[in-house]
J.: 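I have a structure here, written as structure tokens, and I will follow up with some questions on it.
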Amino acid sequence: RVRLVVVRGAGDRAFCAGGDVKSLHRAGSEGAMHVSKEFFSEEYALDEFISSLTKPYVCLLDGITMGGGVGISINGRYHVATERFVFAMPETLIGLFPDVGGSYFLSRLPDHVGMYLGLTGDRLQWHDAHNVGLVSHICTHAQIPALLEALSTRAFSSVNESVHEEVLALLEEFSAVSEPGRLDDEVYRREIALVFGESSARRVEMAALGTPFEETLRKRCPLSLLLSFEAQRRVIERSLSRR
């Protein structure tokens, strides 16, 4: 009987750096649009399923976590990031917008940090990700084998509520102490709020003039910025489910 689900990356560098954008682009260029439709349909269905799991779902984010990799991790209940963790939703750089539930979880980060991440595609390291609530726990890379062993061998309860309590307690045992990150700088955080708290994508671009964000936004796809902004704005009062 399944007590919990643990997911980790298969390689050494990344948890998951996203979907195979090149193959999807090639399929579209060759007129095989059904390939992209099937891929995204299955991907989004999986993300929604993960978000609705009642059993503990633990992702060990020991490396690059971007795009589709974010969808299969952040939508779950527990996410453990290490010092090798690098988060980004860089879709606006390639003419897309943060999908895989990105608009939902980014819109719920404090002080308009989610809008900043969604529009710029900037990267976050482990302490920042934990401090703004993007990941639930942090743990050193050196501790991951022991944590995985404990998750694999611990005799967890058969009662669902108790399993969550036991898994949470175990994750706390292995948790590293969170330290201030780049986003904890009050001046920088205030600047993010002022720029990305504007009422439209166009106003964000105007507010960014003369700030560290101006050049970054200039390099992003204008239509992607509009879509990304509107998606986060609209999803505030909605659930992640499509139904």
Side-chain angles (χ1 to χ4, degrees), residues 7-53 57 59 61 63-76 79 85-109 114-124 129 134 196 200-202 204-205 208 213-236 238-243:
V7 183
R8 60 173 176 163
D12 185 56
R13 289 187 61 245
F15 169 74
C16 177
D20 191 345
V21 176
K22 287 185 178 180
S23 66
L24 292 173
H25 180 269
R26 183 168 57 251
S29 300
E30 296 172 353
M33 293 303 296
H34 67 281
V35 174
S36 296
K37 290 180 179 179
E38 290 174 2
F39 173 85
F40 285 115
S41 178
E42 292 178 4
E43 180 183 30
Y44 298 159
L46 176 60
D47 293 334
E48 183 181 6
F49 173 74
I50 289 170
S51 74
S52 65
L53 275 177
Y57 180 87
C59 278
L61 308 178
I64 298 168
T65 306
M66 297 183 182
V70 174
I72 60 174
S73 58
I74 302 302
N75 287 311
H79 349 83
F85 171 81
V86 180
F87 164 91
M89 294 293 285
E91 286 80 3
T92 57
L93 185 61
I94 57 175
L96 300 176
F97 60 92
D99 56 349
V100 299
S103 298
Y104 179 83
F105 56 73
L106 288 176
S107 68
R108 282 151 175 79
L109 299 184
M115 188 66 77
Y116 150 68
L117 294 172
L119 297 189
T120 65
D122 280 358
R123 300 181 175 194
L124 284 190
L134 185 68
F196 296 93
S200 70
R202 180 56 181 161
V204 167
E205 292 180 87
F213 315 114
E214 179 182 359
E215 186 65 22
T216 298
L217 291 175
R218 184 178 289 125
K219 295 177 180 177
R220 301 304 182 253
C221 172
L223 181 57
S224 291
L225 292 177
L226 289 170
L227 290 173
S228 301
F229 182 93
E230 194 63 21
Q232 283 201 46
R233 188 187 69 81
R234 293 189 183 192
V235 80
I236 286 292
R238 303 182 66 177
S239 69
L240 183 62
S241 174
R242 295 170 296 177
R243 294 182 289 276

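All values below come from the heavy atoms of this structure, side chains included, with hydrogens, waters and symmetry mates left out. Remember, it's a predicted structure, so these values are computed and weren't measured experimentally.
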J.: Just wondering, more than 12 heavy atoms not from R13 lying within 6.0 Å of its CZ?
T.: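 At most 12 heavy atoms, drawn from other residues, nucleotides or ligands, come within 6.0 Å of this atom.
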J.: With heavy-atom distances below 4.5 Å as the criterion, would you say the side chains of F15 and I72 are in contact?
T.: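 SC-SC contact between F15 and I72 confirmed.
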J.: Are L61 and F87 close enough, and set up right, to give a side chain to side chain contact (heavy atoms under 4.5 Å, CB included), and what steps lead you there?
T.: CA-CA 9 Å; L61 308 178; F87 164 91; over 6 Å; no
J.: Could you go step by step and tell me if L226 and F97 meet the side chain to side chain contact (heavy atoms under 4.5 Å, CB included) rule?
T.: CA-CA 9 Å; L226 289 170; F97 60 92; over 6 Å; no
J.: Walk me through whether M89 and V100 qualify under side chain to side chain contact (heavy atoms under 4.5 Å, CB included).
T.: CA-CA 10 Å; M89 294 293 285; V100 299; 3.8 Å; yes
J.: Please find the pair of heavy atoms, one from L24 and one from S36, that lie closest to each other, and give the distance.
T.: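 Distance-wise, the nearest heavy atoms are O-OG, 3.6 Å.
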J.: So does L96 get a backbone contact from the side chain of S224, meaning a donor-acceptor N/O pair under 3.5 Å?
T.: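 The answer is yes, because a donor-acceptor pair under 3.5 Å joins these two groups.
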J.: If you measure from OG on S51 to CD1 on I74, what distance do you get to the nearest 0.5 Å?
T.: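 Atom-to-atom, S51:OG and I74:CD1 are 13.0 Å apart.
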J.: Give me the one residue out of R238, Q232, R233 that meets side chain to side chain contact (heavy atoms under 4.5 Å, CB included) with S103.
T.: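 Option passing the side chain to side chain contact (heavy atoms under 4.5 Å, CB included) with S103: Q232.
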J.: List the atom of G101, the atom of L240, and the distance in Å for their closest heavy-atom pair.
T.: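 Scanning both residues, the minimum pair turns out to be CA-CD1, 3.7 Å.
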J.: Once you round to the nearest 0.5 Å, how far does CG of L109 lie from OH of Y116?
T.: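 The distance works out to 12.0 Å.
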J.: S73 and C59: which non-hydrogen atoms are nearest, and at how many Å?
T.: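 It is CA-SG, 3.6 Å.
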J.: Search all heavy atoms of G68 against all heavy atoms of C16 and return the closest pair with its distance.
T.: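 That closest heavy-atom pairing would be C-SG, 4.5 Å.
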J.: Would you give the length of the straight line joining atom CZ of F40 to atom CG of D47, rounded to the nearest 0.5 angstrom?
T.: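 The distance works out to 11.0 Å.
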J.: Atom CZ of residue position R108 - does it have more than 12 heavy atoms of other residues, nucleotides or ligands inside 6.0 Å?
T.: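 Enclosed: over 12 neighbouring heavy atoms sit under 6.0 Å from CZ of R108.
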J.: To the closest 0.5 Å, what do you measure between CG (L223) and OG1 (T92)?
T.: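 Taking CG in L223 and OG1 in T92, the distance rounds to 11.5 Å.
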J.: For the pair V86 and M66, evaluate side chain to side chain contact (heavy atoms under 4.5 Å, CB included) and give the outcome as yes or no after the intermediate values.
T.: CA-CA 8 Å; V86 180; M66 297 183 182; 4.1 Å; yes
J.: What's the separation between atom CG in L225 and atom CD in E230, rounded to the nearest 0.5 Å?
T.: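 Output value for this atom pair is 13.0 Å.
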J.: To the nearest 0.5 Å, how far apart are CZ in R234 and OG in S107?
T.: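 Reported to 0.5 Å precision, the distance equals 13.5 Å.
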J.: For F85 versus A129, what's the shortest heavy-atom pair and its separation?
T.: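 Between these two residues, the closest heavy atoms are CE2-CB, 3.6 Å.
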J.: What is the minimum heavy-atom distance between R220 and L93, and which atoms define it?
T.: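 Scanning both residues, the minimum pair turns out to be NH1-CD1, 3.2 Å.
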